[in-house]
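Since this is a predicted model, take the numbers as computed values, not measurements.
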Amino acid sequence: MHQSWRLDPILAIAIAAQLLFGAAFIASTRFDVHGQTYFTLFDDAMVSMTYARNLAAGAGLVWNPGGPAVEGYTNFLWTLWMAALHLAGAPESTVALLVMLSGLAVLVANLVVLWKLARLISTSATTARLAVLTTSLCYPLIFWTLRGMEVGLLALVVNLALLQALSPPSSRPRFAHFFWLMLLPLIRPDGIVPAAIIAAFAGWTWARTGRRSAAIAIVASPFVVLLAHTGLRWWLYDAILPNTYYLKVAGIPLMDRISRGAATLWETVQTNLWLTFALALLVRADARLRLIAAVVVTQVCYSVWVGGDAWEQSHYANRYVAVVLPLALLLAARGVEQLFAGRSVARALIAGVTGLILFSTAVNDALVTATLSPGTWSTVMALIGVVVKGVTGIWFLVASATVAMGQPLFARRPSIGVLVPVSCALLLTLSGTFVGEWLDGEALHISDDARAARLGLDLRASTSPDASLGVVWAGAIPYFAHRRAVDFLGKSDVHIARVPPRPPFVPGHNKWDYDYSVGIEHPDVIVQTWRATPADVRLIRSFGYEAIGHDAFVRTGAATVDVKQLAQAFAEFDRTAPVSARPQR
């Protein structure tokens with residue numbers, strides 16, 4: 001077993017690709033303010049950064065120092081890590097860079113764990129090589145992780161828990177049998193979903209050996225931690241569930257959530273996940289592969305149950321599905337390898353249909369590419385995709401015919417003949433379009449997050465320390481402004497999280513109350529509004545506010561605000577705003 005875990009050349013290439021792409025991605029997020037380099041994260045991650053900074057400063061795990069205690073984050077351990085970086089004295093301008101670099105380290109570690117997991121379920125290196133190659137450039141996983149979310153850490157710990165659960169039982173449980181399972185609900189409360197599946201399998205494995213007490217302890221461990229964390233939440237925030245649960249789930253009809261979650265998932269599958277899932281269907285599953293498949297399926301079902309994510313317009317896997325994409329790619333790699341294990345009409349049929357879809361997709365992409373702007377990276381990636389998908393489609397059709405006839409496609413086990421076409425087709429289907437968008441500077445909200453950070457710095461310069469802000473983008477703006485903030489969308493506001501939802505349903509973005517947030521909280525500056533109607537604008541004005549920007553207001557006579565300087569800041573903010581950023585979060 002030790003021999004199979006040596007640094008394989010393909011694993012080394014995958015790690016190098018991960019590091020190079022990750023470094024390029026991180027570098028593309030930098031921006032300058034008055035000659036100084038800054039980094040920021042996705043806006044939700046910056047909410048956690050605000051909590052982390054306040055904790056490091058001794059104000060507690062709160063959004064506003066001295067304000068009400070509200071759990072507006074859902075990534076407890078990741079927030080603690082952010083707090084440790086702040087406590088270490090990292091400069092505010094680059095602490096986000098350290099978060100991204102730690103995310104990159106997590107992604108590299110995940111490749112190593114995925115390699116070990118693949119070698120555990122297959123004696124051939126083909127599965128492991130294909131899995132790590134495709135995961136190393138899996139854009140959704142890379143994006144959510146390097147934009148500061150806990151997605152990569154959750155994926156890593158899920159894979160570590162699986163690796164431990166699938167390893168042969170020892171004479172007695174080691175601490176690692178419990179440790180990874182216990183971490184999952186601390187990273188995110190809904191980490192209990194994969195933890196429960198893995199713990200049940202591990203408990204069943206130990207029970208079969210007659211060690212029932214060990215089985216019970218393993219199954220109970222993540223739930224004990226979840227209960228302990230719930231007790232801590234009750235003590236800190238006087239609530240059983242995170243505030244984000246009440247915001248995103250409470251009051252939303254189940255069928256509304258499921259219908260949106262299913263619709264957005266289907267759209268994502270159609271656009272870029274279909275090949276991964278189709279190849280995973282080639283798997284001839286044993287108990288270990290069934291466990292991995294169960295983790296993937298339950299996580300996808302959880303995404304549907306909560307209604308998907310708020311940024312489904314990106315069209316790539318959301319934060320919930322991205323967690324299990326390495327496992328889905330592992331199943332796809334194993335399915336391709338098993339395709340050549342012997343005659344199977346069913347698998348040959350799946351391979352044939354996959355080939356036809358790939359070839360027809362290539363033809364359709366060729367037609368679509370003609371409408372794209374020439375000279376852009378999106379066009380280049382689309383043209384490469386046309387060639388690779390067309391060739392791979394033919395490759396699958398040939399494979400389908402040979403397997404159906406019981407003839408091997410290769411004289412020996414498939415290796416390079418599988419790795420090259422399948423990995424290229426998977427990567428281009430899963431990530432090609434989005435890499436092109438990133439290279440063209442159109443990645444989801446990266447430029448918007450930089451704009452928000454600049455505005456936060458401008459707000460700090462144009463308001464006094466006791467000023468307050470009303471915000472929709474509740475991350476970078478309050479973080480860099482260092483001002484008390486009123487969260488109009490309620491992630492860190494108990495009242496808003498519990499008001500009746502308004503249509504249409506978008507998780508975390510369909511509850512607001514201007515009577516409360518403006519009329520009672522009365523922030524000095526309203527930085528943004530959310531879906532404000534003319535009646536809402538009249539209501540805001542009636543509370544004593546005047547417009548100062550495209551979507552901003554200042555409280556009349558506010559002594560905490562330099563109105564002239566603030567107007568210049570909003571003019572610059574509005575000038576650089578793409579239409580799509582007004583006023584989306």
Side-chain angles (χ1 to χ4, degrees), residues 11 14 18 106-122 126-142 144-145 150-167 180-181 183-184 187-188 190-191 193-202 265 268-269 272-303 316-338 422-423 426-427 429-431:
L11 175 58
Q18 182 87 86
V106 164
L107 290 173
V108 171
N110 188 52
L111 287 181
V112 177
V113 174
L114 188 66
W115 173 270
K116 294 184 177 184
L117 190 58
R119 295 311 307 267
L120 194 63
I121 65 174
S122 173
T126 300
T127 294
R129 288 170 173 171
L130 183 53
V132 297
L133 276 177
T134 50
T135 301
S136 68
L137 295 175
C138 176
Y139 185 85
L141 180 65
I142 292 170
W144 292 119
T145 302
E150 69 285 351
V151 172
L153 180 61
L154 194 59
L156 172 62
V157 177
V158 165
N159 293 345
L160 282 166
L162 277 169
L163 182 64
Q164 193 64 55
L166 293 175
S167 299
W180 305 120
L181 291 171
L183 280 188
L184 286 172
I187 298 172
R188 281 184 62 90
D190 50 23
V193 175
I197 301 296
I198 300 168
F201 178 90
L265 173 65
T268 305
V269 169
N272 58 87
L273 290 183
W274 67 269
L275 183 58
T276 302
F277 289 171
L279 295 180
L281 291 175
L282 294 171
V283 166
R284 184 175 66 249
D286 56 18
R288 296 171 300 179
L289 289 171
R290 289 192 191 98
L291 171 61
I292 295 173
V295 172
V296 173
V297 170
T298 52
Q299 189 70 12
V300 170
C301 289
Y302 175 78
S303 175
Y316 47 80
N318 64 32
R319 293 177 293 173
Y320 310 114
V321 177
V323 168
V324 291
L325 277 185
L327 297 177
L329 289 167
L330 173 58
L331 291 173
R334 181 60 175 157
V336 171
E337 183 184 5
Q338 288 182 337
V422 177
S423 60
L426 271 171
L427 285 172
T429 304
L430 185 63
S431 304

List in chain and number order the residues that pass side-chain hydrogen bond (donor to acceptor under 3.5 Å, both in side chains) with [X], two or more places apart in sequence or in another chain; answer none if no residue qualifies.
X: N318; result: S303, E312
X: T429; result: none
X: E150; result: N75, R188
X: N272; result: none

Taking the side chain as C-beta and beyond, is there a heavy-atom pair between [X] and [Y] under 4.5 Å?
X: L162; Y: L327; answer: yes
X: L291; Y: I197; answer: yes
X: L153; Y: L183; answer: no

Between atom [atom1] of [X] and atom [atom2] of [Y], what is the distance when rounded to the nearest 0.5 Å?
X: W115; Y: L330; atom1: CH2; atom2: CG; result: 11.5 Å
X: E337; Y: R284; atom1: CD; atom2: CZ; result: 10.0 Å
X: L137; Y: L426; atom1: CG; atom2: CG; result: 12.0 Å

Residues L329, L430; criterion side-chain contact (heavy atoms from CB on, under 4.5 Å); working and verdict: CA-CA 10 Å; L329 289 167; L430 185 63; 4.1 Å; yes

Under the rule for salt bridge (charged side-chain N to carboxylate O under 4.0 Å, His left out), what residues qualify as partners of R290, not counting sequence neighbours? none

Which atom names give the shortest non-hydrogen contact between V157 and W180, and what distance separates them? CG1-O, 3.4 Å

The single option from L117, L107, L114 passing side-chain contact (heavy atoms from CB on, under 4.5 Å) against P326: L114

Determine yes or no for a side-chain-to-main-chain donor-acceptor pair under 3.5 angstrom, with S122 supplying the side chain and A118 the backbone. no

Under 3.5 Å: donor-acceptor pair, side chain of W144, backbone of A317: yes

What residues, two or more places apart in sequence or in another chain, satisfy side-chain contact (heavy atoms from CB on, under 4.5 Å) together with V113? L156, N159, L160, L163

